[in-house]
Engineer: 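Before I ask anything, let me first share the structure, which is written out below as structure tokens.
This is a predicted model, so every value here is computed, not measured.
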Amino acid sequence: MKLTIAALAIALSLGLTACSDKPPATGTEPGQSQAGSSSKASNEDLTQNKLHSFAQSLQLKYAVLSNVPDDNCDPSRAEGRCFQAQIRLTPDEDLSASDWAIYFSQMRPVLSVASPEFHIEHIQGDLHRLTPTAAFGGFKKGVSEIINFRGELWQLSEIDAMPNYYMVVEGLKPEVIASTEVKQDPDTGLELLPYVQPYTDAEKQYRRSSQDKLPWDTASVVFGQNADTPDDAGLAVASLIPKPDSVTWLEQTPVTLNAGIKLNPSHIATGVELQSLKAALLRLQRLGVSQSEQGLALNLLPLKGGQSEHYRLEIEAGGINLAAADAAGYSYGLASLAALLQLPADDTQSIALPQLRIQDGPRYPFRGMHLDVGRNFHSKAFVLSLLEQMAAYKLNVLHLHMADDEGWRLQIPGLPELTEIGSKRCHDLDENRCLLPQLGSGPNPETQVNGYYTTQDYIDILKFAAARQIQVIPSMDMPGHSRAAIKSMQARSRKLLAQGDSQATSQYLLADPEDATVYSSIQYYNDNTLNVCMESSYTFVAKVIDEIAKLHQAAGVPLKRYHIGADETAGAWLDSPACERFIAANSQRVADKSALGAYFIERVSQMLAERGIEAAGWSDGMSHVNPANMPSPVQSNIWDIVAHGGFKRAHAQANLGWDTVLSNPEVLYFDMPPAADPKEPGYYWASRSSNSRKLHSFMPDNLPANAEQWGDIEARPFVADDTEQLSPQGKRLSGPMAPGRGFVGLQGQLWSETIRSDTTAAYMIFPRLLVLAEKAWHKPDWELAYRHQGASYSQDSGYFGAEQRQAQAEDWHRLANILGHKELAKLDKAGVHYRLPLPGGRIKGGKLEANIIFPGLKIQYRRPGAEWQEYRGPVAIAAPLELRSVSPDGRRYGRVQPLN
């Protein structure tokens, strides 16, 4: 999870800088002194079978009672904001033993426990431990034990209650409480959390504050959101995603492709090999357009004077002419052919293309997607599927985030501990075999959230991406977010010491063993920041970079850019003897400890430059460096919230001439919920409703102007006063943007703290990825031009006029109809588990009226418990009702939307 740097500062000022509960130094299990309880019954008679039976039958329920702060909240924590929650334990059998503990993930720290029979303590990160006190009299069959507690800030989503609570007894194997395991909905394929009590009270459970104006996306609210979008299949006929620069109709009669295409590469541009177009041609084949001798001629021609990635496409009855200057241009032209196709409903219909001419090229040279596999692992197959769809919609960068606090996901030759230990989480408090459980991973290392890519896996990913003109930017976050690496190298050191190799124990050590600094990261770790004062840290970084570079070389795609991370570095090093010595020896370069983080980024960036690799990092960490100490070019990802003034940092870094990639979380963080509904997966610190239409509304070339159409996280208006202007030299508002000069593109992000499966990852990414592709490739006329003289924007400032708003709405109608009538069917065919949206609905005059964000998708309705029926128009029926959407292939259903 990422928070703004302002939020980090607030958190630190609110007393979140201490984390007193550390994992025990030994492998002993809790009970006795760790929980402060006295043993009422010995565990000698508690066998593994008994523990297993108890954990299997114990019913655990989790409920958020209220997010409304009251006088019992701790005023010294989080400005007195807290929530009330309840854990209910109902056993199906007696258990008199008290030397047990229940470990669980709690996203917000527990502040106090109101139930005197139980104690909850924070271990590390989100890991907590629940133990009985001396007042507990044992479990009795059928008698519920209720633990009421208060936690920091709020819990506004059912997803906050992490799964896989587990019981631990000394000498026995941990047992997962079966009632807290994730289930799967057979209709939607989505995760179900049956232990979580549904939210029912919007005022008490779904409001962040008394000023919160965000409406819950109920059926009636969604109906209003969709009301202006017509269902017009004609808007999709000759339209495609992303929209081209220009389209000229040649004839009304379509060209049939029933016989496929006949490729004629005899005049292909110099230097372009036909093999480089294989992936794009295979996608056409999967959509029903194969190559044959009888097919329509597809002539590949050179685009004289053409720029990289540009193409010209002409479709006529006599054949298709595709001109480009490079493999990317040809591939994108073939992708446009695929995008123009309307999949036939059955075998009796022809595959046809409209006769037209397209002149096209990208808005931005950087069109990226970020995938976090560090928090929860995602399979190689998923990565390849994502790359396939990125290529289909002309995205060209995969930012692969492979290391974080919760996991290291890439095999590094010579450092086997990184994956032997750092790639999995299990119940080992000493972390000799694995990392501590986090994010509801549970005690077992075999779960799907654990895993890593072998060197061959990574080489395969690189080759697959290169064949689709996609650059892979690897990222191993440092110096913060580095707990997996730190713990792996500590385990390595212990192992080497035990083997008698004392010389090698400190070679790659990342933490100062004498460091007494007390700090807490945003994710509540007190040990996740590598020590930037130790030469062994730089030896480790160099080793990792060099080994990754070798893998790129083996794949035939040299490593061009490496993402350092550099974000959310907590207040580490303040009491590190290693840093005292380092500053004393380097006082001319590093004046005091406040400059150590910048020193690390600058040094690693120069280390990369010496290897011919460009450096990239997140905007908060990059803002601390001295630009004069940085190589060129440099990439910075802007993840600052616009409503919090995030445009200022974007302007400042673009004005430095850095490659500034907009990654603003309100619309570009795909781990944010796609609807304002507590059942939707995803974090919500920046936005609680980031649907496709909001992403479409984004005006990236004028960040502050988005204040005219957006609210903040509580749907309240905000003012964006653009006093720190973006210089004309820092950003080019028209024409191609040269690398190293200002805003170079957009990047969608998926952080995976709450994303445990490939299915959920696809649900969160798609179809938002298609709208991202639209924004990154095409600049619409309705976007508000940037005012270099400065301006103050709000919902009342009036720069974004009625004519532009109408053009924006019409552009959305086009895009929504393409998705509903054409593109989602192609995702079905590719096996992509995209999100099926919640329908809107209302009862008016005794009749049901329903709509959906993507016209063309079918809607079904029923009375609760009755058979589903297809909605074809207003129908006489009374509430309560249930609505759901259906995929074009009829094989999947969306989540059920109640209409009361």
Side-chain angles (χ1 to χ4, degrees), residues 233-269 272 274 277-304 306-307 309-345 349-362 391-394 469 770 773-774 777-778 814-815 817-818 821-823 825-826 829:
L235 291 175
V237 171
S239 297
L240 62 152
I241 300 174
K243 186 177 181 180
D245 272 350
S246 70
V247 178
T248 305
W249 279 86
L250 300 177
E251 293 286 344
Q252 293 297 320
T253 306
V255 176
T256 61
L257 294 178
N258 292 341
I261 54 174
K262 181 180 180 181
L263 197 63
N264 177 15
S266 58
H267 297 291
I268 194 169
V272 178
L274 196 58
L277 312 184
K278 183 179 178 181
L281 290 166
L282 281 174
R283 182 166 189 266
L284 274 172
Q285 182 177 319
R286 285 193 294 271
L287 294 175
V289 181
S290 300
Q291 294 185 55
S292 75
E293 286 298 317
Q294 294 74 39
L296 185 69
L298 173 55
N299 304 307
L300 302 182
L301 306 169
L303 185 62
K304 295 181 180 179
Q307 297 174 272
E309 301 191 309
H310 287 237
Y311 68 93
R312 184 180 69 242
L313 180 66
E314 294 179 349
I315 305 171
E316 298 180 290
I320 302 170
N321 292 327
L322 172 58
D326 60 3
Y330 285 116
S331 293
Y332 297 152
L334 293 171
S336 291
L337 283 178
L340 286 166
L341 289 174
Q342 178 82 48
L343 294 184
Q349 295 184 349
S350 298
I351 300 175
L353 290 173
Q355 294 193 54
L356 46 72
R357 178 184 300 115
I358 290 175
Q359 290 275 145
D360 202 10
Y393 298 100
K394 306 184 178 78
Q469 293 79 44
L770 278 68
E774 173 83 6
W777 183 272
H778 174 72
R814 171 194 61 85
L815 190 66
N817 276 277
I818 296 173
H821 284 286
K822 190 160 64 174
E823 290 309 302
K826 294 172 186 173
K829 197 172 183 68

Engineer: Do you know which two heavy atoms are closest between Ala352 and Leu341, and how far apart they sit?
Structural biologist: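 Nearest heavy atoms, Ala352 then Leu341: O-CD2, 3.9 Å.
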Engineer: Could you check whether any side-chain heavy atom of Asp360 comes within less than 4.5 Å of a side-chain heavy atom of Trp777, counting everything from C-beta outward?
Structural biologist: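 Yes, at least one pair of side-chain atoms sits under 4.5 Å.
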Engineer: Rounded to the nearest 0.5 Å, what's the gap from CD on Gln294 to CD1 on Ile261? Could you check?
Structural biologist: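 CD1 of Ile261 is found 13.5 Å from CD of Gln294.
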Engineer: With rounding to the nearest 0.5 Å, note down the distance linking CG in Leu343 to NZ in Lys829.
Structural biologist: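 Answer rounded to 0.5 Å: 6.5 Å.
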Engineer: Heavy-atom distance under 4.5 Å between the side chains of Ser336 and Lys394, does that happen here?
Structural biologist: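 Contact flag for Ser336/Lys394 side chains = yes.
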Engineer: Just by distance, do the side chain of Gln342 and the backbone of Val237 share a donor-acceptor pair under 3.5 Å?
Structural biologist: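 No, because the side chain of Gln342 does not come within donor-acceptor range (under 3.5 Å) of the backbone of Val237.
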Engineer: Can you tell if the side chain of Pro244 reaches within under 4.5 Å of the side chain of Gln359, non-hydrogen atoms only?
Structural biologist: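 Counting from C-beta outward, Pro244 and Gln359 never come under 4.5 Å.
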Engineer: Using side-chain contact (heavy atoms from CB on, under 4.5 Å), reason through Leu356 and Leu340 one step at a time and then give a plain yes or no.
Structural biologist: CA-CA 11 Å; Leu356 46 72; Leu340 286 166; 4.2 Å; yes
Engineer: Can you check whether Leu300 reaches Leu274 side chain to side chain, under 4.5 Å on heavy atoms?
Structural biologist: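 In short, these two side chains touch, coming nearer than 4.5 Å.
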Engineer: What distance separates Leu353 CG from Leu296 CG, expressed to the nearest 0.5 Å?
Structural biologist: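 CG of Leu296 is found 8.5 Å from CG of Leu353.
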Engineer: Using modelled atom types only, decide if a donor and an acceptor are shared between the side chain of Lys822 and the backbone of Ala236 within a distance under 3.5 Å.
Structural biologist: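 Pair found, side chain donor or acceptor close to backbone of Ala236.
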Engineer: Nearest 0.5 Å, what's the CG-CG distance between Leu298 and Leu257?
Structural biologist: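 So the CG of Leu298 and the CG of Leu257 are separated by 9.5 Å.
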Engineer: Name every donor-acceptor pair, under 3.5 Å, that has one atom in a side chain of residues 278-285 and the other anywhere in the protein, sequence neighbours excluded.
Structural biologist:
none

Engineer: Measure the spacing between CG of Leu770 and NZ of Lys826 and express it to the nearest 0.5 Å.
Structural biologist: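 If we round to the nearest 0.5 Å, Leu770:CG and Lys826:NZ are 9.5 Å apart.
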Engineer: To the nearest 0.5 Å, tell me how far Ile315 CD1 sits from Leu250 CG.
Structural biologist: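 Here the interatomic distance stands at 8.5 Å.
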Engineer: Looking at side-chain heavy atoms only, is the closest gap between Pro362 and His310 below 4.5 Å?
Structural biologist: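 In contact.
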Engineer: Hey, can you pull the donor-acceptor pairs under 3.5 Å for the side chains in residues 316-333, sequence neighbours left out?
Structural biologist:
unit_1 : atom_1 : unit_2 : atom_2 : d
Asn321 : OD1    : Asn299 : ND2    : 2.9
Asp326 : OD1    : Glu309 : N      : 3.3
Asp326 : OD1    : Gly329 : N      : 2.8
Asp326 : OD2    : Ser308 : OG     : 2.6
Asp326 : OD2    : Glu309 : N      : 3.3
Tyr330 : OH     : Ala269 : N      : 2.9
Tyr330 : OH     : Leu301 : O      : 2.5
Tyr330 : OH     : Ala324 : O      : 3.3
Ser331 : OG     : Ala327 : O      : 3.0
Ser331 : OG     : Gln469 : OE1    : 2.9
Tyr332 : OH     : Glu309 : OE2    : 3.3
Tyr332 : OH     : Arg367 : NH2    : 3.1

